Peer 1: 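Please read through the structure below; I'll follow up with questions.
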Amino acid sequence: MKQSKIIGLGHYVPQNVVTNDDLSKIIDTNNEWIVERTGIHERRWFEPGVDTNANMGTKAAQMAIERAGIDVKEIDFIVFATITPDYFFPGSGVLMQRELGLQGIGALDIRNACSGFIYALSIADQFIKTSMYKTILVVGAEIQSSALDKSDAGRSSSVIFADGAGAAVLQATDAQSGILSTHLHADGDFAEELYVKDPGSSRTVRLSPELIESGSFNLHMNGNAVFKHAVVRFQEVIMEALAHNKLDKSDIDLLIPHQANLRISSFIQQQLTLPDEKVFNNIMHYGNTTAASIPIAMSEAWGKGLIKEGDLICLAAFGSGFTWASALIRW
Ligand code: UT7
């Protein structure tokens, strides 16, 4: 059976840097609270008219393809993870496919929020393992800033979420390295703890002045509930991946957790007794970019030379759904 190897990684973040001080000018918050509770110093918010969900994905993909040293035409399938597509439908996968000039190949959209990139990676891995496709582009891209309630009422979410895109090129290999396993979970009992309710389809009219007035199209998060579940599920799903591969937490060379909150990452690091150099965080600069956070972090870590041949890389995520997931990769 073939294995899937990540041969290139790329990312793109909007030029527009929003600092904590910038936020404190529009909502009742302050740098000290945000840094202490989330670890975030600044984030990127898209520039209307410049950035779109699909074209941020395209830019990340182009970087990944260039770093992989392949021709774009070698890509035979696309998996695009996002919960903030440019259109209600079709998904961003086909829009990015068009921008890359890859019309004709399959393009699949994944809506699993913060776990979306790992779900996408898992699907791409299954297609490669069964030899259906050879070279797959996997992208995570989000524009969350336009769904944030930027009034005082929404301050606990609006200081966290941000925009960006990351991409990975997966290719079939006969080597024993590559993606060792992926582990996917969900529990719909908690669907409304972190969600955007409208414009939902189960209404006579999807948009109305009353709906707009109610703010139900903004992101709603019960931060405390999400936090409590996240710290448990992150550890569980990492241990599940290690046990599946008969490996120990001490075998991990680099853990790249979804960048949800620096306190969550630090808590997992403590639970797993991993030293600082074995956990990669960049939430300080980019905030929480949902499905884009893991590929942006992986791309940065790889660019900095922190991921080397033979390393054991662990990815883990938790988010809306609730969904949670992990992946172990032998680089
Ligand atoms: O991406 C995956 C899913 N998302 C996550 O994993 C996020 C998980 N949750 C969290 O990261 C945290 O729950 C938050 C960062 C969202 C909130 O932090 P918290 O420590 O849980 O704060 P809290 O909501 O319990 O609020 C504590 C206090 C409250 O004031 P009182 O009632 O104690 O007087 C809030 O009103 O902090 C206040 N507060 C703020 N103050 C200044 C909430 N947001 C802010 C803010 N600035 N932005």
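Counting starts at 1 for both ligands and their atoms, in listed order. Given the structure is predicted, the values throughout are model-derived calculations rather than measurements.
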Peer 1: Using a 4.0 Å cut-off to any heavy atom of R263, which atoms of ligand 1 qualify?
Peer 2: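 Here the atoms of ligand 1 in question are 18 (O), 19 (P), 20 (O).
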Peer 1: So, does N288 use its side chain to make a donor-acceptor pair with the main chain of I160 at under 3.5 Å?
Peer 2: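 Not at all, since once roles are kept as given, no pair shorter than 3.5 Å links the two residues.
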Peer 1: So if I count the atoms of ligand 1 from 1 in the order they appear, which ones are less than 4.0 Å from some heavy atom of G223?
Peer 2: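 Close to G223: 8 (C), 9 (N), 13 (O).
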Peer 1: Could you tell me whether T38 and ligand 1 have an N or O pair separated by under 3.5 Å?
Peer 2: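 No, T38 has no N/O under 3.5 Å of an N/O on ligand 1.
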Peer 1: I'd like to know if R203 pairs up with D198 as an ion pair, taking the criterion as any Lys NZ or Arg NE/NH1/NH2 lying under 4.0 Å from an Asp or Glu carboxylate oxygen.
Peer 2: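 Salt bridge flag = yes for D198 with R203.
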Peer 1: Got a protein heavy atom sitting under 4.0 Å from atom 33 (O) of ligand 1?
Peer 2: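 It does not: no protein heavy atom is found less than 4.0 Å away from atom 33 (O) of ligand 1.
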Peer 1: Would you mind checking which non-hydrogen protein atom is closest to atom 17 (C) of ligand 1, with the distance to 0.1 Å?
Peer 2: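 Of the protein heavy atoms, W33 CH2, 3.9 Å lies nearest.
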Peer 1: Would you check if the side chain of S208 reaches a backbone N or O of L211 as a donor-acceptor pair within less than 3.5 Å?
Peer 2: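 Yes.
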Peer 1: Of all the atoms in ligand 1, which lie at a distance below 4.0 Å from a heavy atom belonging to L194?
Peer 2: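 Per the distance check, 3 (C).
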Peer 1: Distance only, no hydrogens: is a donor on one side chain within 3.5 Å (strictly under) of an acceptor on the other, for N53 and T82?
Peer 2: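 Yes, side-chain donor-acceptor contact under 3.5 Å.
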Peer 1: Using heavy-atom distances, let me know which of L262, I160, T290 sits nearest atom 14 (C) of ligand 1.
Peer 2: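 Residue with the shortest heavy-atom distance to the ligand atom: I160.
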Peer 1: Atoms of ligand 1 less than 4.0 Å from S156 heavy atoms?
Peer 2: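 Numbered from 1, ligand 1 contributes 16 (C), 43 (C), 44 (N).
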Peer 1: If you measure from the Lys or Arg side-chain nitrogens to the Asp or Glu carboxylate oxygens, is any gap between R111 and E142 under 4.0 Å?
Peer 2: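 So R111 does not pair with E142 through a salt bridge.
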Peer 1: Using links of under 4.5 Å between side-chain heavy atoms of ILVMFWY residues, direct or through other members, which residues join L100 in one cluster?
Peer 2: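 Answer for L100: I7, I65, I70, V72, I75, I78, F80, M96, L102, I105, L137, V139, V169.
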Peer 1: Below 4.0 angstrom from a heavy atom of V159, which ligand 1 atoms are there? Numbered from 1 as shown, please.
Peer 2: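 Atoms satisfying the 4.0 Å criterion: 48 (N).
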Peer 1: Examine the proximity of ligand 1 to T29 and report which part, side chain or backbone, both or neither, has a heavy atom under 4.0 Å away.
Peer 2: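 Both backbone and side chain of T29 come within 4.0 Å of ligand 1.
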Peer 1: Side chain or backbone of I34 under 4.0 Å from ligand 1, or both, or neither, by non-hydrogen atoms?
Peer 2: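 Neither; no heavy atom under 4.0 Å.
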Peer 1: Does atom 29 (C) of ligand 1 have any protein heavy atom closer than 4.0 Å?
Peer 2: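 No; the ligand atom in question lacks any protein heavy-atom contact below 4.0 Å.
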Peer 1: Just wondering, are more than 12 heavy atoms of other shown residues or ligands nearer than 6.0 Å to CD in E277?
Peer 2: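 Count over threshold, so yes.
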Peer 1: Can a donor-acceptor pair be found between the side chains of N20 and R43 at a distance below 3.5 Å?
Peer 2: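 Indeed, the side chains of N20 and R43 share at least one donor-acceptor pair under 3.5 Å.
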Peer 1: Heavy-atom pairs closer than 4.0 Å: do any link ligand 1 to the side chain of C114, the backbone, both, or neither?
Peer 2: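 For C114, the contact with ligand 1 is made by the side chain alone.
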Peer 1: Measure I27 to ligand 1 on non-hydrogen atoms and call it side chain, backbone, both or neither using the 4.0 Å cut-off.
Peer 2: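 Neither part.
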Peer 1: Will you find, in the side chains of D163 and T289, an N or O donor that is under 3.5 Å from an N or O acceptor?
Peer 2: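 No, T289 and D163 have no side-chain donor paired with an acceptor closer than 3.5 Å.
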Peer 1: Using a 4.0 Å heavy-atom cut-off, which part of N261 comes near ligand 1: side chain, backbone, both, or neither?
Peer 2: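 Side chain only.
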Peer 1: Should the pair D125-K129 be classified as a salt bridge under the 4.0 Å nitrogen-to-oxygen rule?
Peer 2: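 Yes, this pair counts.
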Peer 1: Which protein heavy atom lies closest to atom 24 (O) of ligand 1, and at what distance to 0.1 Å?
Peer 2: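 In this structure, atom 24 (O) of ligand 1 has N224 ND2, 4.1 Å as its nearest protein heavy atom.
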Peer 1: Of all the non-hydrogen atoms in the protein, which one sits nearest to atom 1 (O) of ligand 1, and at what distance?
Peer 2: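 The closest heavy atom on the protein side is N288 ND2, 2.6 Å.
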Peer 1: Identify, by atom number and element, the atoms of ligand 1 in contact range of I264, meaning under 4.0 Å from any of its heavy atoms.
Peer 2: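 Listed by number with element, the hits are 6 (O).
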Peer 1: What do you reckon, does A260 have a nitrogen or oxygen under 3.5 Å from a nitrogen or oxygen of ligand 1?
Peer 2: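 No, no N or O pair falls under 3.5 Å.
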Peer 1: Around atom NZ of K278, are there more than 12 heavy atoms of other residues, nucleotides or ligands at under 6.0 Å?
Peer 2: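 Yes.
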Peer 1: Could you tell me, atom by atom, which parts of ligand 1 come under 4.0 Å of a heavy atom of F318?
Peer 2: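 The atoms of ligand 1 under 4.0 Å from a heavy atom of F318 are 2 (C).
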Peer 1: Nearest protein heavy atom to atom 22 (O) of ligand 1: under 4.0 Å?
Peer 2: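 Under the 4.0 Å cut-off, atom 22 (O) of ligand 1 does have protein heavy-atom neighbours.
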Peer 1: Does ligand 1 have an atom that lies less than 4.0 angstrom from a heavy atom of M221?
Peer 2: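 Judged by the 4.0 Å heavy-atom criterion, M221 does count as contacting ligand 1.
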Peer 1: Return the option from R155, E32, R37 holding the heavy atom at the smallest distance from atom 35 (C) of ligand 1.
Peer 2: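 Among R155, E32, R37, the closest heavy atom to atom 35 (C) of ligand 1 comes from R155.
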Peer 1: Is the backbone N or O of D251 less than 3.5 Å from a side-chain atom of D248, with the two atoms forming a donor-acceptor pair by type?
Peer 2: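 Such a contact is absent between D248 side chain and D251 backbone.
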Peer 1: Sort out for me which residue in I307, D253, L254 forms a side-chain contact (heavy atoms from CB on, under 4.5 Å) with W331.
Peer 2: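 Only one of I307, D253, L254 forms a side-chain contact (heavy atoms from CB on, under 4.5 Å) with W331, namely I307.
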Peer 1: Any chance CD of E66 has more than 12 other-residue heavy atoms, nucleotides or ligands included, within less than 6.0 Å?
Peer 2: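 Counting other residues, nucleotides and ligands, CD of E66 stays at 12 neighbours or fewer.
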Peer 1: With heavy atoms of V226 as the reference, note each atom of ligand 1 found under 4.0 Å away.
Peer 2: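 Near V226, the atoms of ligand 1 are 3 (C), 4 (N), 5 (C), 6 (O), 8 (C).
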